[in-house]
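Down below is the structure, laid out as structure tokens.
In what follows, chains are A, B, ... by sequence order, proteins preceding strands, each numbered from 1.
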Number of protein chains: 2
Amino acid sequence: MGNSRVTVREIARLAGVSVATVSRVSNGTGQVSEEMRRRVLEAIEKYGYRPDHLGRALAARRHGALGLVFPGLSGPYFTELIQGFESEAVPARASVHILCTHLREDSDDQVLEMARRVDGVAVVGGTISEPTLLRLAETVPVVVLAGRGLETVPAVSVDNAPAMTTLTRHLLVDHGLRDLVFVGNPDGSPDVSERWAGFQNAYHELDLAPPTEPLRLAMQQHDGVLAAERLLGGDGPAPQAVVCANDELALGVLVGALGRGLRVPEDLVITGFDDAPMAALVSPPLTTVRQPVRELAAEAARLILNAVDAPGVAPDGIVLPTEFVVRRSCGCPAGSPTGGTGK
Amino acid sequence: MGNSRVTVREIARLAGVSVATVSRVSNGTGQVSEEMRRRVLEAIEKYGYRPDHLGRALAARRHGALGLVFPGLSGPYFTELIQGFESEAVPARASVHILCTHLREDSDDQVLEMARRVDGVAVVGGTISEPTLLRLAETVPVVVLAGRGLETVPAVSVDNAPAMTTLTRHLLVDHGLRDLVFVGNPDGSPDVSERWAGFQNAYHELDLAPPTEPLRLAMQQHDGVLAAERLLGGDGPAPQAVVCANDELALGVLVGALGRGLRVPEDLVITGFDDAPMAALVSPPLTTVRQPVRELAAEAARLILNAVDAPGVAPDGIVLPTEFVVRRSCGCPAGSPTGGTGK
DNA sequence: ATGGTGCCTGAAACCGGTTTCTGTTAACCG
DNA sequence: CGGTTAACAGAAACCGGTTTCAGGCACCAT
């Protein structure tokens with residue numbers, strides 16, 4: 001019944017028609033008489049024929065698949081990313097290939113290899129080298145997801161720097177804090193780099209002396225705990241506020257601070273970035289910046305799908321707006337207003 | 001240069017050889033004289049030829065791809081799952097297709113459609129209907145990931161029930177607690193169903209009256225916060241302990257409890273399942289069950305890859321052991337010993 | 001009756017590889 | 001020197017679809 005070994009020619013033979021007719025019926029293209037159509041559909045039904053994807057893809061010179069490349073899969077950010085991408089790709093009848101370059105040394109090769117199996121690729125910013133990105137773009141449409149694009153490679157990202165400037169200004173001006181520490185590695189990803197730039201920019205705008213060097217760590221919760229150890233560990237004075245490059249770090253710092261008996265925000269202010277689900281749930285809830293991660297990835301998928309259909313035109317990049325979310329971890333009372341940073 | 005429009009026949013023409021020879025050289029199969037090889041390699045190099053994946057796959061009747069199907073992407077569990085699967089597939093030169101059936105009504109169709117693009121599929125338990133699973137298994141090798149297998153479909157899973165029995169017994173016997181509530185929906189996934197069974201079994205083993213009905217909720221952190229609201233909200237007495245179906249729920253309950261001014265474990269005992277990264281970081285650290293999620297998914301990938309190479313033989317399922325991790329949220333002092341539940 | 005016009009249909013070419021099978025050549029043997 | 005064999009190259013078939021193109025046929029107007 002559901003045997004997948006049945007081919008067009010077989011169905012054609014059994015229905016007593018040509019393969020062209022079978023193809024026409026199974027695709028609904030061209031003109032086919034009622035009688036022929038009936039015979040073919042009957043045979044298709046009876047033998048459970050379904051056209052082979054490879055044959056079809058080869059003829060159409062299109063894979064019906066999109067690729068998504070990211071460094072590793074940590075935390076809520078990437079799950080949102082994948083889901084956003086997938087939610088846009090699947091309805092367009094494109095399957096989703098994923099590749100975590102994560103710790104593999106030959107990842108550039110693998111990205112290039114993936115490019116031969118898909119119609120387009122989204123690469124998370126900072127994942128692969130620029131030369132590889134360019135070579136990739138020669139083969140298939142590419143967009144950079146959360147990062148900076150190139151001449152020929154559009155990017156979709158959020159307004160990281162302005163958002164971080166808004167958040168930092170809030171701490172410096174509205175709360176009168178001075179001794180802030182930025183946690184996150186600006187060299188680790190374009191996102192963090194931009195956030196660090198936005199952080200510095202707030203100081204610059206207010207004619208303050210530049211901030212201290214960032215505490216360069218990875219982006220996971222246990223790195224935040226590590227940050228708390230370093231910053232609150234004893235030697236040297238603790239900062240007034242810890243501005244984290246994402247919510248996971250902030251959550252880790254929060255755990256570390258509370259575990260040391262500090263009160264947040266009274267003894268230490270902590271802020272995040274992303275507005276992960278947990279950010280609103282912890283106590284005190286986290287002041288952070290909401291970014292539309294799902295929408296970002298969906299936009300990337302759409303961009304690629306368009307580029308596949310209309311090759312040649314290199315679309316512009318997209319910058320999505322974020323929203324500054326004021327909660328209690330910055331020292332604001334419960335129920336403060338929130339404000340967007342605008343587009 | 002890197003033009004991907006170059007075909008075997010073109011290279012053959014340019015090198016003045018036959019396509020067969022080009023194919024032999026590019027695959028390293030068969031016998032080719034030094035002179036021919038040199039000419040071919042030269043042309044390949046010069047025109048940047050790389051064999052098309054579709055043509056190759058069609059001829060080989062193999063996709064070089066594996067599918068991974070899960071309901072939705074929430075929390076650390078699924079990121080681990082994907083990474084484990086991917087880490088095993090990619091070195092075997094198989095790309096990874098993902099599909100979140102998540103909220104789409106026609107997901108069964110999409111799973112069947114995916115089956116036509118891959119050599120094998122891993123399906124997370126409880127994701128698709130049994131009839132669909134059976135039809136899927138007629139097409140490609142399938143394994144169920146974290147769930148129960150069928151006659152023809154092997155499963156890889158962990159010893160959920162014994163592990164939960166061990167944990168529950170610990171609360172009932174070592175801590176003398178009686179009033180436990182299980183949080184999680186046994187109908188939601190095979191994993192939860194088995195954990196609930198293990199929970200009940202501990203009562204049974206000790207000749208206690210059966211526990212109260214489970215609090216049926218989804219598996220995310222905010223569901224845990226919800227659980228805390230329901231259980232600690234005022235009307236009706238609060239339980240002594242909340243046994244959660246996974247760590248995310250437990251973390252949510254913890255946040256909710258602490259937010260209400262309760263002390264954990266003095267006023268309320270909370271336990272989880274999974275040993276997510278955050279479980280050890282919160283205060284108090286979570287007593288839970290560690291399960292080797294990555295290894296589980298890697299095992300599934302291996303099983304499928306083997307089934308692809310040696311079709312016909314239906315391999316046995318695999319049950320991986322878990323480890324009971326005693327931390328402080330159950331009431332044990334810091335630094336208690338931990339014990340595995342064995343295989 | 002003749003020529004023109006649409007509508008259907010199927011043979012064959014094509015997508016881009018791999019593989020079998022046949023034939024040539026050179027080396028080796030007695 | 002004739003015969004066997006191994007090494008190598010290429011033509012053609014194949015994988016499973018789609019699409020072009022030419023032809024058959026019915027119908028209509030002249």
(message) For Gly64(A), is there any backbone N or O sitting under 3.5 Å from a side-chain donor or acceptor partner on Asp119(A)?
(response)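 Yes; at least one donor-acceptor contact below 3.5 Å.
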(message) Tell me whether the count of non-hydrogen atoms from other residues, nucleotides or ligands lying under 6.0 Å of CZ in Arg39(B) goes above 12.
(response)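 Result for CZ/Arg39(B): enclosed.
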(message) Can you confirm whether more than 12 heavy atoms, excluding those of Glu35(B), are under 6.0 Å from its CD atom?
(response)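 Counting neighbours around CD of Glu35(B), more than 12 heavy atoms of other residues, nucleotides or ligands fall under 6.0 Å, so yes.
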(message) Return the CG to CG distance between Leu305(A) and Leu66(A), rounded to the nearest 0.5 Å.
(response)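 Separation between the atoms: 5.0 Å.
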Got a salt bridge between [X] and [Y], using NZ or NE/NH1/NH2 to carboxylate O under 4.0 Å?
| X | Y | value |
| --- | --- | --- |
| Asp191(B) | Arg148(B) | no |
| Arg37(B) | Glu42(B) | no |
| Asp52(B) | Arg117(A) | no |

(request) Kindly indicate whether the side chain of Glu86(B), heavy atoms from C-beta on, has any atom under 4.5 Å from the side chain of Leu99(A). (result)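 They are in contact (side-chain heavy atoms under 4.5 Å apart), so the answer is yes.
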Shorter than 3.5 Å, N or O on both sides, protein versus nucleotides 13-16 of chain D: list them out with atom names.
from, atom 1, to, atom 2, distance (Å)
dG16(D), N7, Arg9(A), NH2, 3.1
dG16(D), N2, Gly55(A), O, 3.3

(request) For the helix from dA1(C)-dT30(D) to dG30(C)-dC1(D), figure out the bend between the end axes, five pairs an end, and round to 10 degrees. (result)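 The two end axes of the helix from dA1(C)-dT30(D) to dG30(C)-dC1(D) meet at 60°.
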(request) Give me the one residue out of Arg302(A), Arg93(A), Arg294(A) that meets salt bridge (charged side-chain N to carboxylate O under 4.0 Å, His left out) with Glu88(A). (result)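 Answer to the salt bridge (charged side-chain N to carboxylate O under 4.0 Å, His left out) test with Glu88(A) among Arg302(A), Arg93(A), Arg294(A): Arg302(A).
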(message) Quick check: closest heavy atoms across Tyr49(B) and Thr7(B), and the distance to 0.1 Å?
(response)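 Heavy-atom minimum between the residues: CE1-C, 3.8 Å.
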(request) Could you state the atom-to-atom distance from CZ of Arg50(B) to P of dT18(C) in whole Å? (result)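 Value for this atom pair: 13 Å.
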Between the protein and nucleotides 7-9 of chain C, which nitrogen or oxygen pairs are less than 3.5 angstrom apart?
from, atom 1, to, atom 2, distance (Å)
dC8(C), OP2, Gln31(A), OE1, 3.3
dT9(C), OP1, Ser33(A), OG, 2.6
dT9(C), OP2, Ser33(A), N, 2.8

